[in-house]
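Quick notes on the structure that follows.
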2 protein chains.
Amino acid sequence: MSNRLEAPRYATMREVAALAGVGVKTVSRVLNGEPNVSDQLRERVNRAAAALNYELNVYAGGLRRAGARTNAIGLMLESVDNPFSAAIHRGVETVMRRHSIVVLAESFDEDPGRERTVVKDFLRRRVDGLILTTVSRDQAYLSAEVARGTSIVFVDRPAVSVAFDSVVSCNFDGALIATRHMLQHGHRRLAFIGGNQQIWTLRERRRGFLDELDRWNIECPPAHDVTGLLGEEEARLAAHAMLDAPDPPTAIFPTQNRLVVGVVRALHERGVQHRVAMVGFDDVELLDLLDPGVTVVAQNPHRLGELAAERLLARMARKPLELETLRVPTTLVTRGSGEIPGPHAAEVVNIPRPMGKAGRPSGA
Amino acid sequence: MSNRLEAPRYATMREVAALAGVGVKTVSRVLNGEPNVSDQLRERVNRAAAALNYELNVYAGGLRRAGARTNAIGLMLESVDNPFSAAIHRGVETVMRRHSIVVLAESFDEDPGRERTVVKDFLRRRVDGLILTTVSRDQAYLSAEVARGTSIVFVDRPAVSVAFDSVVSCNFDGALIATRHMLQHGHRRLAFIGGNQQIWTLRERRRGFLDELDRWNIECPPAHDVTGLLGEEEARLAAHAMLDAPDPPTAIFPTQNRLVVGVVRALHERGVQHRVAMVGFDDVELLDLLDPGVTVVAQNPHRLGELAAERLLARMARKPLELETLRVPTTLVTRGSGEIPGPHAAEVVNIPRPMGKAGRPSGA
DNA sequence: ATGAAAGCGCTAACAG
DNA sequence: CTGTTAGCGCTTTCAT
């Protein structure tokens, strides 16, 4: 007696064919916009489909179709919720939409365990390609995919153990420029504030920081080289701790959007935002309206997403391309906090030339 | 001679069965964790599957399985890129992950045309349910889905023409409280800054604003009741225009995250952020660190997402539930900008009691 | 405990 | 131009 259906009931092509009084293949032709159907039948089929509220089943079709494409790709991000990830997501979506490809996005929260689960899930859904941000040191679990011919592009962080295309920001360069900027403004006691050392971007940024200090023959004491911070709150506390300790830094370099916010908070809480300089890595909305405005090295996550998507499409089309790591430039955006003069501001003209180790002239 | 495959090549169950020397059904049993397989065969199958790098094809299975579920839901958002939408997305994902359900998120950019495309796309992929944010006045295109038994929940904005469950914020209440807050601080010339009037949330917020003004017997001149603004930049310009005109508002009420940022910018550009009051609708990161801090009515988009997801799961499970609109409270967060005293601050005790029209005592 | 056969909804490959 | 048949990869059904 009960008419309650346990699951939504979709009409089938066979039912549409029956109602229209035609063969199934004719229905398939009409609904897929194929040629060789008379206007009359076309009309009848459309009418029947509408009457039955028919919707094509893309997966049933794909099953039979040669080289079965699902017209879906998998996108693994740190978190769909993080503005940086979300911008990548939008960039990917924008490009994929032009090709009627759907984006399956999943957060993996920097958890290597979840990383495998998510990828496995994508594969079981037979996505046509993968765009991945990862933390795993060991990406051997992907080598099977290489053999199979799955198209994969890494975004934000390059692949480690296997050779895939990658699209990344110029992390090293950005960090180096930020560091030089602080040095040129007379700072010598700089502090590095960073996240998980497992993450490639962090290591690159730290390398840029230390390299530049090295060129200036400056040591960074361990107390001013803090990594492993998990978020805004930890960065805030770390900044407070540093500034409470003897010989505090005169300039701070937080190297991730969440950490930038944490450090800004600490400086404002102590009311030293006009005395202690800072340059952040990653731009965050409203940073320009703070007093002082916060100088940052800005990335272009939307562009990262677009490029990764375009690269993936090329791979999926089996274009013969060399393996490549595309690098998206970073930009120093000066707003005040990074231009607060340090104790050595007067000596600026006398600093070692920032080129080559130990002050050697470039090209020597 | 060429071995280059045009598409990734996945091993089939049949191949695994052949290699393991068993029947296909046995492979199916093992790989789906079904009982009634001897340890010996189980072991052999797993070995063969690993050797062939086999991955289950969820869609092929679902085709035959009764009540075929895809374990995917469709989530339509304004933009995956908008922090508000992204927080909803994360809330939905968090809940769905616990049920091994994947979220297919798509941006529709407040475009009614795209709205239909996206929903159609979801249906063709046979998602198990839909969580939708919409602009369309006419949602008749969904009535077919009701008939079919598709589970649908609306989030952020309720369904208009058809009866579905909805999960929304207390927009009216929030706007009313924000308005009262400004009035109680001595402001009488308030300005409303809003987006697309098509959008329900905007209309609710405007209604809350005008209702409260009405209780205080205050008129809002058309020049101070601006809607249809498309983003940060338009809001910024609108605020500038208002403040340039005669009889400028002494307090401004931008009613959306993008618009809040635009107005804040305008106030800072003119250097009047300490003279002109403002209360925003929607919280935005770093608003608390501005000078003055920006008072807002905060929503809880993550919670909206969680509730919508839970409701959808209940619907998908065919639980017998009444149609319902769940309301998530909004919170006034005072930070300074909303507490700037207005010209009538001294009269605060003499204002009409803010209850009932025309100052009538409540309950009369 | 195991597997052969049928069939999910669709399209490829052929007839007519 | 139109329709029939087979079969995509899997699970159901039902023997063994």
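In what follows, chains carry the letters A, B, and so on, assigned in the order in which the sequence lines appear, proteins first and then strands, with residues in each chain numbered from 1.
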Using atom [atom1] of [X] as one end and atom [atom2] of [N] as the other, report the distance to the nearest whole Å.
X     : N      : atom1 : atom2 : answer
A/L63 : D/dG7  : CG    : C1'   : 9 Å
B/R64 : C/dA6  : CZ    : P     : 12 Å
A/Y59 : D/dT11 : OH    : C1'   : 19 Å
A/R69 : C/dT11 : CZ    : C1'   : 17 Å
B/N57 : D/dC8  : CG    : P     : 13 Å
A/M13 : C/dC8  : CE    : P     : 15 Å

Please check this pair: side chain of [X] against backbone of [Y], looking for a donor-acceptor N/O pair closer than 3.5 Å.
X     : Y     : result
B/N46 : B/R42 : yes
A/R44 : A/A20 : yes
A/E15 : A/T12 : yes

Quick one: does [X]'s side chain get under 4.5 Å of [Y]'s, heavy atoms only?
X      : Y      : answer
B/F154 : B/L142 : yes
B/R97  : B/V103 : no
B/N71  : B/V102 : no
B/F84  : B/E78  : no

request  = Take the C1' atoms of the five end pairs on each side of the helix from C/dA1-D/dT16 to C/dG16-D/dC1, get both axes, and report the angle to 10 degrees.
outcome  =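 That helix gives 40° between its end axes.
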request  = Please test A/T70 against A/R125 for side chain to side chain donor-acceptor pair (under 3.5 Å), starting from the C-alpha separation and ending with a verdict.
outcome  = CA-CA 8 Å; A/T70 51; A/R125 290 177 188 277; over 6 Å; no
[atom1] of [X] to [atom2] of [Y]: how many Å apart, nearest 0.5 Å?
X      : Y      : atom1 : atom2 : answer
B/I131 : B/I73  : CD1   : CD1   : 4.0 Å
A/H89  : A/L77  : NE2   : CG    : 7.0 Å
B/L304 : B/T133 : CG    : OG1   : 9.0 Å

ask   = Which of residues 22-52 of chain A have a heavy atom under 4.0 Å from DNA chain D?
value =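 Contacting residues: A/V22, A/G23, A/K25, A/T26, A/R29, A/N36, A/V37, A/S38, A/L41.
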ask   = Which residues, if any, of residues 120-127 of chain B bring a heavy atom under 4.0 Å of DNA chain C?
value =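 Those residues whose heavy atoms fall under 4.0 Å from DNA chain C, taken from residues 120-127 of chain B, amount to none.
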